Amino acid sequence: MRQLMVRYTVKQGQAERNEDLIRAVYAELHERAPEGLRYATFRLEDGVTFIHLAQVDGEVNPLTELPAFKAFTADIGERTEAPPQSTPLVEIGSYRLFSASTEEES
């Protein structure tokens, strides 16, 4: 199992386009429901910094196979201030962050 964080800052005026492309990725993820992937995206309070967290169970990341993800990454260099920084993560602990459970809290 691999865990990864990707962080980048988009250029002024590109945040909305970036979010639209991200939403298209999630729409395709919900439609295809690939196994072995847990994924979350966050926009920081500054409005232009994005963080993606992923946990991949197998050798191949199913996210990279999606047409919507390919569209998202196709012009990422034009939307960002600098290339996205990818960082492998070593989990120390988590609470339901990557859980596939749909349990409701009491």
Side-chain angles (χ1 to χ4, degrees):
M1 174 174 42
R2 297 175 292 137
Q3 294 175 321
L4 178 71
M5 176 183 71
V6 177
R7 180 183 174 131
Y8 58 91
T9 301
V10 296
K11 296 175 183 173
Q12 290 297 326
Q14 291 294 316
E16 189 172 317
R17 173 165 163 58
N18 198 62
E19 282 193 35
D20 289 345
L21 289 164
I22 292 168
R23 290 182 200 289
V25 170
Y26 280 99
E28 191 168 353
L29 282 170
H30 287 287
E31 180 183 308
R32 293 182 183 226
E35 293 294 321
L37 172 69
R38 279 158 299 288
Y39 185 60
T41 306
F42 303 90
R43 186 183 67 185
L44 299 188
E45 205 170 327
D46 66 6
V48 293
T49 302
F50 291 81
I51 295 176
H52 299 249
L53 299 174
Q55 183 178 63
V56 180
D57 292 338
E59 292 298 314
V60 176
N61 183 346
L63 183 64
T64 61
E65 304 300 315
L66 299 176
F69 187 77
K70 290 177 183 179
F72 167 74
T73 58
D75 66 346
I76 191 83
E78 296 172 20
R79 291 192 315 275
T80 57
E81 293 290 337
Q85 298 297 308
S86 179
T87 306
L89 300 173
V90 177
E91 184 175 333
I92 295 169
S94 67
Y95 181 75
R96 296 185 182 177
L97 180 60
F98 288 116
S99 174
S101 172
T102 57
E103 280 182 36
E104 291 186 14
E105 292 184 18
S106 332

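As the structure is a prediction and not an experimental result, all values here were calculated from the model.
- To the nearest 0.5 Å, atoms CD (Gln85) and CE (Met5) are separated by 9.5 Å.
- The two residues Pro34 and Pro62 have their closest heavy-atom pair at CB-CB, 3.7 Å.
- Distance alone, capped at 3.5 Å, places no donor-acceptor pair between the Glu16 side chain and the Gln14 backbone.
- Met1 places none of its side-chain heavy atoms less than 4.5 Å from the side chain of Glu91.
- Val25 and Leu66 make their closest contact through O-CD1, 4.5 Å (heavy atoms, listed as atom of the first residue, atom of the second, distance).
- Side-chain atoms of Asn61 and Thr64 include no donor-acceptor pair closer than 3.5 Å.
- Contacts of Tyr8 classified as ring pair (Phe, Tyr, Trp, His ring centres under 6.0 Å), with partners at least two apart in sequence or in another chain: Phe50, His52.
- Applying the side-chain hydrogen bond (donor to acceptor under 3.5 Å, both in side chains) rule to Glu19 yields the partners Arg23, Arg43; only residues at least two apart in sequence or on another chain are considered.
- Of all heavy-atom pairs spanning Ala54 and Tyr39, the tightest one is CB-CD1, 3.8 Å.
- Transitive grouping of hydrophobic side chains (ILVMFWY, heavy atoms separated by less than 4.5 Å) brings Leu89 and Ile51 into a common cluster.
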Check residues 67-78 and write down every donor-acceptor pair under 3.5 Å in which the side-chain atom is one partner and the other belongs to a residue at least two apart or another chain.
from	atom 1	to	atom 2	distance (Å)
Thr73	OG1	Phe69	O	3.2
Thr73	OG1	Lys70	O	3.2
Asp75	OD1	Arg79	NH1	2.2
Asp75	OD2	Arg17	NH2	2.6

(request) Report the C-alpha distance between Asn18 and Val48 in whole Å, list the side-chain angles of each, state the deciding distance to 0.1 Å, and finish with yes or no for side-chain contact (heavy atoms from CB on, under 4.5 Å). (result) CA-CA 9 Å; Asn18 198 62; Val48 293; over 6 Å; no
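- When every heavy atom of Glu81 is checked against every heavy atom of Val10, the shortest pair comes out as CG-O, 4.0 Å.
- No path of Ile, Leu, Val, Met, Phe, Trp and Tyr side chains, each step under 4.5 Å between heavy atoms, connects Val60 with Leu63, placing them in separate hydrophobic clusters.
- Looking at Asp57 and Glu35, their side chains never come closer than 4.5 Å, going by heavy atoms from C-beta outward.
- Looking at Leu4 and Val56, their side chains never come closer than 4.5 Å, going by heavy atoms from C-beta outward.
- Atom OG of residue Ser86 and atom CZ of residue Arg7 lie 13.5 Å apart, to the nearest 0.5 angstrom.
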